[in-house]
Each structure stands twice: as structure tokens, then as C-alpha cells.
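Read the structure below first, then the notes.
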Amino acid sequence: MRLMIVDDSNMIRTRIARVVQNGGLQGVVLAGLAKNGKEAVRLAMVTRPEVVTMDLTMPEMDGIECIQALLQFDPSINILVVSALSDKSTAIQALRLGARGFVAKPFSDEELQIALLDVAEAR
Amino acid sequence: MATLNETDLKLFVDSIRTYLKVTTRQEPQITSAFLGTEDLEGFEFNGIVTFSGSHNGHVVVSMPARLVREILLLQHETDLRDSNLLDAVGEIANTLAGNARKSLGSELDISVPVKVQGLNGIKARVRKHPYVITLRWNHYEAMVCVDMDRRH
């Protein structure tokens with residue numbers, strides 16, 4: 001299963017990558033890292049990710065726009081939103097647009113692993 | 001413009017406490033919370049997020065290099081260059097600001113973080129006397145400055 005990580009923070013991108021690589025998430029391979037929505041859309045066309053972790057507040061193109069663009073390109077992509085915007089209305093908006101799950105920042109490695117497994121198994 | 005109340009301010013105290021507890025498994029000690037009446041001298045690494053919509057202003061997270069390095073090391077990060085320390089402090093400010101929407105409402109819009117290196121990163125823009133929260137984590141001092149008001 002190919003995973004793309006989208007977040008404007010290098011710290012978060014490498015942390016999620018580390019959780020995936022060291023956390024025993026079997027069958028998950030990193031397809032790419034993107035630092036904003038625009039980069040994510042470009043990268044998705046080349047790497048064809050099956051699962052995406054998505055930040056919401058990003059420059060160039062934010063996560064809400066990016067979710068719509070990715071799902072238009074490939075409706076089967078499973079998107080896990082990983083965001084500090086942890087209010088209910090933001091989560092509901094992301095899920096309405098087609099995201100499959102929501103993890104609020106700050107998150108523990110265990111929380112992220114469980115959420116990623118849930119999204120991956122929902123495929 | 002309406003001022004923040006004690007509950008609003010407490011959410012930032014709770015937020016920085018939760019951030020450090022979740023990411024480092026060690027809670028900080030909140031050492032003081034006061035109204036800044038003079039120019040604030042912060043630390044070298046500053047993350048600033050600007051609020052608009054229902055509120056106006058910004059929140060600044062100000063930390064010394066050694067504290068940010070420790071936070072990164074505890075997350076098994078090996079890139080400890082200044083650019084990555086700035087990225088980290090910006091992300092902490094982003095998390096505090098984003099978490100604030102849970103209490104302040106979804107009409108609160110937040111900017112992407114701006115990162116500033118240098119001791120003069122904290123400037124009051126909205127309030128004459130911004131709220132200042134100081135903390136200690138693992139012997140290191142840090143500061144969160146909340147300079148914001150409600151629009152209505």
C-alpha cells in the first residue's frame with residue numbers, strides 16, 4: 001500500500017514517515033512527501049498513492065482544496081486528515097469532502113498508527 | 001473589540017501543556033501568566049500564527065534552541081539544523097492556534113506559521129498589554145505570548 005504524507009512541517013512529515021517505517025505497519029511503503037496541496041496533487045499523479053495523510057493549514061493550496069483535487073483525480077484514495085484544527089466543524093467538513101479519518105495534533109505515535117491502520121483496512 | 005477572558009487564556013495554557021505532554025511524555029511547569037507591560041524579550045526561535053475572522057491578533061511561541069533540539073530528539077529527529085528548529089517552533093505555534101478553534105469557534109481563521117530567528121521575535125500588535133505565559137520544561141524556559149482580541 002503506497003502512502004503519501006502531506007504537511008508543510010518537515011518535523012511532522014519525517015515523524016509520520018518514521019512511525020510508518022518503524023511502527024510495524026506491514027505492507028505500507030512511502031510513495032512520497034509533499035509540503036503543500038499543489039505539490040501533493042503533482043506527486044499523486046506520478047506516484048499514485050492509495051493512502052494519504054493530509055494537513056489542513058498549508059501555503060499554496062490548503063488541505064481542504066487538496067482533498068477535493070485528489071479525490072477528483074482518484075476517488076479511491078483514502079485520506080486521513082492530521083491537523084491541529086481539531087474543532088468539530090472542521091472535522092465534519094473534511095469527512096463530508098471524502099476524508100476517511102481525522103487525527104488531531106498533537107498526536108502520539110500509537111494514535112497515528114491506529115488511525116492509519118483503520119484507514120488502510122477500510123480500503 | 002472585546003477582550004479575551006480567563007477561560008480563553010486558559011485554553012492556551014492547557015494547549016502548550018498538552019503539546020509537550022503528548023510529544024515528549026513530560027509536562028511543563030507553568031511558571032507564570034501575566035500582562036506584558038514592557039517590550040517582551042523572548043528566545044531565539046519564534047513561531048508566529050496570525051488570527052483573523054472572529055478574532056484579531058497572533059500567538060507567538062518563543063523557545064531557546066536547546067529546548068527545541070530536545071523536543072526534536074525525543075521524536076527521534078536527527079536533523080537539528082536551525083532551519084529544522086524553526087520549522088518545529090512554527091509547527092508548535094500552528095498546533096496551539098489550531099487547537100484554539102475548539103474553544104473559540106470555527107469562525108477563527110489562522111494563518112500558516114511565520115518563523116523568526118532572533119531575540120526580537122515578540123512584538124505586541126493588537127493589545128497594549130499582551131498575555132504572556134512562561135513555562136519551564138526539563139530545566140529550559142520558554143514563553144507563549146497571546147496578543148489577540150475578539151472582533152465582536
Side-chain angles (χ1 to χ4, degrees), chain A residues 5-23 33-39 53-66 81-96 102-115, chain B residues 11 14-25 27 45 47 49-51 53-54 59 61 68-69 71-115:
Chain A
I5 299 166
V6 188
D7 201 299
D8 61 335
S9 164
N10 183 54
M11 176 177 77
I12 297 294
R13 291 195 302 273
T14 54
R15 171 136 179 250
I16 295 174
R18 209 172 290 118
V19 168
V20 169
Q21 288 166 330
N22 302 339
L33 308 171
K35 61 178 183 292
N36 60 55
K38 264 190 187 170
E39 205 174 282
T53 68
M54 177 70 67
D55 188 16
L56 293 181
T57 310
M58 293 182 292
E60 305 271 343
M61 181 193 281
D62 68 21
I64 294 293
E65 263 187 276
C66 187
V81 174
V82 180
S83 173
L85 301 178
S86 48
D87 58 299
K88 267 187 196 159
S89 68
T90 302
I92 289 168
Q93 188 189 8
L95 295 171
R96 270 197 189 134
F102 196 104
V103 171
K105 293 177 181 177
F107 56 84
S108 66
D109 290 359
E110 294 75 21
E111 276 176 295
L112 182 70
Q113 276 175 19
I114 290 166
Chain B
L11 75 94
D14 292 341
S15 201
I16 187 68
R17 192 179 266 144
T18 302
Y19 185 92
L20 289 168
K21 188 180 169 187
V22 171
T23 54
T24 70
R25 296 176 193 248
E27 269 199 52
F45 289 87
V49 171
T50 302
F51 297 107
S54 62
V59 62
V61 173
V68 188
R69 270 191 214 112
I71 291 171
L72 286 171
L73 283 169
L74 285 168
Q75 294 177 64
H76 309 288
E77 178 61 65
T78 52
D79 181 352
L80 301 175
R81 287 174 295 178
D82 282 359
S83 59
N84 221 28
L85 302 191
L86 274 173
D87 172 85
V89 81
E91 175 60 20
I92 297 170
N94 172 62
T95 303
L96 262 56
N99 288 178
R101 280 197 8 171
K102 208 187 267 181
S103 302
L104 299 181
S106 58
E107 299 300 307
L108 176 74
D109 293 324
I110 70 167
S111 74
V112 293
V114 172
K115 291 91 109 175

* **Engaged part of B:Leu108 at the chain A interface, taking heavy atoms whose separation is under 4.5 Å** => neither
* Note, A:Leu85 side chain near B:Ser106 side chain (heavy atom, < 4.5 Å) -> no
* Structure fact -> Turns out that what part of B:Thr18 lies under 4.5 Å from chain A's heavy atoms comes down to both
* Step by step, would you call B:Thr78 with A:Thr14 a side chain to side chain contact (heavy atoms under 4.5 Å, CB included)? -> CA-CA 10 Å; B:Thr78 52; A:Thr14 54; over 6 Å; no
* Other residues, nucleotides, ligands: >12 heavy atoms within 6.0 Å of A:Gln21 CD -> yes
* Asked: What distance do B:Asn94 atom CG and A:Asp55 atom CG have between them, rounded to the nearest 0.5 Å?
  -> 6.5 Å
* **Residue B:Lys115 excluded, over 12 heavy atoms near NZ under 6.0 Å** => yes
* Using a cut-off of under 4.5 Å for heavy-atom pairs, which of A:Asn22, A:Asp62, A:Ile12, A:Thr57 has the most such pairs with chain B? -> A:Thr57
* Verify side chain to side chain contact (heavy atoms under 4.5 Å, CB included) between A:Asn10 and B:Glu91, making sure each step is shown before the conclusion. => CA-CA 9 Å; A:Asn10 183 54; B:Glu91 175 60 20; over 6 Å; no
* Is a side-chain N or O of A:Arg18 found less than 3.5 angstrom from the main chain of B:Gln75, in a donor-acceptor match? -> yes
* Asked: Between the side chain of B:Asn99 and the main-chain N/O of A:Ala84, is any donor-acceptor distance below 3.5 Å?
  -> yes
* **Proximity of residues 80-90 of chain B to chain A, residues having a non-hydrogen atom under 4.5 angstrom** => B:Asn84, B:Asp87, B:Ala88
* Quick one: pull up NZ in B:Lys102 and OG in A:Ser89 and give me the separation to the nearest 0.5 Å. => 12.0 Å
* Counting a contact as any heavy-atom pair under 4.5 Å apart, which residues of residues 103-113 of chain A contact chain B? -> A:Lys105, A:Pro106, A:Phe107, A:Ser108, A:Glu110
